[in-house]
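Reading through the structure tokens given below for one structure.
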Amino acid sequence: MSALQYTPIDKISEIRDTLKQTFRSGKARSLAWRRHQLHQVARMAKENEEAFMAAMKSDLGKPRMESWLGEIAGLVKRILLTAESLEEWTKPEYPEVPDWQKPWRPTVYKTPKGVVLIIAPWNYPMVLSMQPFIGAIAAGCTAVIKPSELVPAFSALLAELIPKYLDPEAYAVVNGGIAETTKLLELQWDHIFYTGNGRVGRIIATAAAKHLTPVTLELGGKSPVIIDADCDINIAAKRILHGKCTNAGQICVCPDYVLIPEHKQDEFIAALKEHHAAFFPEGPLNSSSYGRIVNSMHHGRLMSILNRTKGTIVLGGKTDGKLGLEPTIIKDVREGDSLLEDELFGPLLPIMPVKDVDEAINYVRSKDHPLVLYAFTQNQQLKERLVAETLSGSLILNDACTQLAVNEIPFGGIGESGYGYQILKYTYDGFTHLRSSIDVPYDNEDPFRYPPYSEEARKLIESSMNLDIPPPPVNGH
Ligand code: NAD
């Protein structure tokens with residue numbers, strides 16, 4: 001596996017300039033060309049799937065099933081759907097307007113924003129770099145992809161393959177760490193799409209503001225799980241545990257912590273233990289179905305959080321002395337605990353007992369808006385309360401992480417979990433400017449609009465623009 005070569009910093013402006021020239025040349029605009037480039041990304045993913053999976057195994061210990069399903073197969077499907085949808089998404093829109101404006105032919109053109117920068121994290125390196133990338137291609141933009149330096153095997157492979165499959169005058173990979181990304185951020189871009197943590201998200205947004213560059217921030221945070229006493233505790237435990245073990249908990253939509261009525265805590269833990277034994281009969285650290293922590297810094301961070309908890313470890317807690325860390329369940333975790341401070345982003349599952357769902361909702365509402373709010377309940381009234389009384393990127397009922405399989409719903413955070421959206425048309429929309437246009441015929445003359453403004457014109461305009469406002473409600477209805 002090749003080592004990761006950082007892009008020389010003095011080449012970075014040149015790379016951006018080439019992409020700018022290509023964008024200006026109009027080459028990236030034709031739909032046939034976009035379609036071909038999209039298919040090339042799919043071909044690259046499929047023809048090199050073994051190499052990609054090996055790279056992710058080497059970087060993250062990612063189980064083969066998780067790499068193939070979560071990083072390659074789903075991506076290829078989305079590329080094909082994007083290519084098929086190009087005609088539909090890109091065609092101009094002609095909104096309904098009042099009759100007197102119809103001769104102006106009001107039109108909304110779907111215009112590519114220009115040259116875009118995509119900065120990706122390490123946890124799902126393929127899908128989180130390629131998913132924004134296919135939206136950028138579909139929109140007719142040229143793009144630089146900056147993969148994460150924390151997954152060197154993957155990032156080296158991507159830098160090797162992108163120029164082999166795609167037009168190097170339109171798309172480039174820049175590899176590197178903070179210095180290279182800082183250089184990229186000094187330059188002007190027409191959109192920046194960043195996926196990662198909120199601390200760096202603020203650096204990105206600040207740098208972008210200097211050029212008035214629009215930004216998408218796909219961030220993380222602590223995604224809570226509310227468990228209602230009436231739910232199926234056994235299914236809830238199985239699905240939450242699966243979510244927590246996926247990529248060893250290093251997934252942005254990972255169920256971070258559980259709020260459960262106190263009297264249900266032990267039943268829930270018993271179910272978690274049972275499913276854990278079924279998932280990993282040979283023990284998680286010996287299982288090919290369980291990944292590992294990305295590096296020693298993150299491993300140390302997780303161990304330090306675990307060492308400081310005042311809760312009780314009821315399952316797991318051991319490491320293999322390398323980067324493995326068992327799925328770890330901690331009960332009786334109370335507000336202020338180390339496990340409830342920052343996003344865990346690892347296989348630790350704190351359980352916080354609460355009196356009832358009201359307390360759980362109040363707790364969630366007192367925190368930052370999460371990327372996902374999970375709830376396990378069959379109670380329709382509670383579902384409606386969650387929609388009305390809480391706010392999060394998504395609200396997912398009765399499962400964990402499966403929302404990622406739905407192509408038709410937007411994915412994105414709010415507040416501390418970010419802003420902007422992705423997946424298929426939503427990604428395309430982020431890289432597209434809605435350019436409005438009218439074309440007013442010369443014989444469409446309105447004599448009243450020009451000075452000198454006559455009294456007659458004023459009265460005429462006033463009579464048509466003086467609209468009645470509905471009366472206020474009586475007794476609030
Ligand atoms: P990371 O460390 O790989 O960083 C992400 C990118 O930021 C990398 O390309 C890195 O080079 C760059 N970067 C790092 N420091 C920088 C700096 N000082 N200046 C400029 N660029 C810098 O990944 P991470 O942030 O550890 O990723 C994990 C976080 O991402 C978690 O919070 C997770 O929830 C979030 N995440 C969100 C989504 C989503 O779609 N919402 C998806 C995956 C991960």
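Because the structure is predicted, anything quoted here is derived from the model rather than measured. As the structure lists them, so they are numbered: ligands from 1, and atoms in each ligand from 1.
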Please confirm whether the backbone N or O of E389 pairs with a side-chain atom of R365, one donor and one acceptor, at under 3.5 Å?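 Pair found, side chain donor or acceptor close to backbone of E389.
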What class does the angle between the rings of F133 and Y171 fall in, given that below 30° is parallel, 30 to 60° is tilted and above 60° is perpendicular?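 Perpendicular: the ring planes of F133 and Y171 meet at over 60°.
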For the residue pair W122 and F345, categorise the inter-ring angle as parallel (less than 30°), tilted (30 to 60°) or perpendicular (more than 60°).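 W122 vs F345 ring planes: perpendicular.
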Could I get the full list of side chain to side chain contact (heavy atoms under 4.5 Å, CB included) partners for S67, not counting sequence neighbours?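 Result, side chain to side chain contact (heavy atoms under 4.5 Å, CB included) vs S67: M53, M56, K62.
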I need the contact residues for ligand 1: any residue with a non-hydrogen atom closer than 4.0 Å to the ligand, ordered by chain then number.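 Within 4.0 Å of ligand 1, protein side: I119, A120, P121, W122, N123, L128, K146, P147, S148, E149, L150, I178, T181, Y194, T195, G196, N197, V200, I203, E218, L219, G220, C252, E343, F345, L371, F411, Q422.
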Between Y290 and F279, ring centroids under 6.0 Å: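 Between Y290 and F279, the centre distance exceeds or equals 6.0 Å.
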Out of R43, E47, Q40, which residue meets the side-chain hydrogen bond (donor to acceptor under 3.5 Å, both in side chains) rule with Y165?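 Passing option: E47.
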